[in-house]
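Remarks on the structure that follows.
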Amino acid sequence: MLTLAQCGPTLPRDFYERTTLEVAPDLIGKRLCVLHPNDALQTGLIVEVEAYLGTEDRASHARLQKRGGSLVPSARSSLMFGPVGLAYVYLIYGLHHCVNVVAHAPGAVGAILIRALRPEGSLAKKSCSGPAKLCAQLGIDRRHNGSSLLGTIQPAPTDAAGQPLAQIFIATPSQTPAPLPAQVRSGPRIGVAYAGPDALLPYRFGLANDPDLSRPL
DNA sequence: TGCAGGATTAGC
DNA sequence: CTAATCCTGCAA
């Protein structure tokens, strides 16, 4: 199992403060890390993500909604409008959690869904190939909504019930070579057929031919 | 206040 | 292919 120091340097805030479509492919090959209150550490390399943009993206939670005759963004997506480097975690189908990274240019709106990991260490034999599966494996749930991904702090934070909360962060692996940009491919996002033409936008990014993809790219 | 549907997954 | 399951958006 990896130690905290072996995870590599944590991605700084500046990494996330670029356009969402710039940040998304750059997350491929980075290491998602969860430090649990009992000091257990779970990690995996990101092999697949999807970018979700702002009010104009019909597939995004941040898209405009009808309300009182006018169009406004929904309350759920408010984190996507705010500071970068935070986790946006939501419940889907009443059953599963999905985790996003808030990332966008200054004044813009957007987040990146983490869709699949290559599991490492204690996770090595588990499947993290799917946005809900990786959250289940890593113990990520709505208590982490709004938590910072920019590093660990002491003492560990607590949730609304006062219970200790696992800390999530993303690091640049120092012992694994970064994937060549040529190996990162894009394709249409999964499960967004309701978005009409926006369902075809190539905002899904992943390592070409990686066995840990949630689906082939 | 009520209802339709979802950035998914496992199982038949 | 469908069920599971609950929060959110949106109409009434």
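This is a predicted model, so every value here is computed, not measured. Chain A is the first sequence line, chain B the second, and so forth, proteins listed ahead of strands; every chain is numbered from 1.
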For His61(A) and Tyr88(A), which I'm curious about, is there any donor-acceptor pair between the side chains at under 3.5 Å?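 Yes, a side-chain donor-acceptor pair sits under 3.5 Å.
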
Taking atom types as modelled, find out whether Glu48(A) and Ser214(A) have a side-chain donor-acceptor pair closer than 3.5 angstrom.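 Distance-only check passes for Glu48(A) and Ser214(A).
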
Which atoms form the tightest heavy-atom contact between Asp26(A) and Lys30(A), and what is the distance? O-NZ, 3.0 Å

Report, as yes or no, whether the 6.0 Å neighbourhood of atom CZ on Arg58(A) holds more than 12 heavy atoms from other residues, nucleotides or ligands.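 It does not: Arg58(A) CZ has 12 such atoms or fewer within range.
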
Per-nucleotide protein contact string for nucleotides 5-12 of chain C (B base, S sugar-phosphate only, - none; heavy atom under 4.0 Å): BBS-SSS-

Does [X] come within less than 4.0 Å of [Y], counting only side-chain N to carboxylate O?
X         : Y         : answer
Arg31(A)  : Glu120(A) : yes
Arg63(A)  : Asp198(A) : no
Arg115(A) : Asp212(A) : no

First and last nucleotide of DNA chain B, 5' to 3', lying under 4.0 Å from heavy atoms of chain A: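 So the contact region on DNA chain B extends dG6(B) to dA10(B).
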
Whole-Å P distance, dT5(C) and dG2(B): 22 Å

According to the Watson-Crick and G-U wobble definitions, with both distances under 3.5 Å, which nucleotide is paired to dA11(C)?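 dT1(B) is the nucleotide pairing with dA11(C).
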
Any strand counts, and the cut-off is 3.5 Å on both contacts for Watson-Crick or G-U wobble. Which nucleotide pairs with dA10(B)?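 Because both required distances fall under 3.5 Å, dA10(B) counts as paired with dT2(C).
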
Contact class for Ala59(A) (heavy atom, under 4.0 Å): base, sugar-phosphate, or nothing?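 Base contact.
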
Think Arg18(A) forms a cation-pi with Phe15(A), using NZ or CZ under 6.0 Å from the six-ring centre and within 45 degrees of its axis? yes

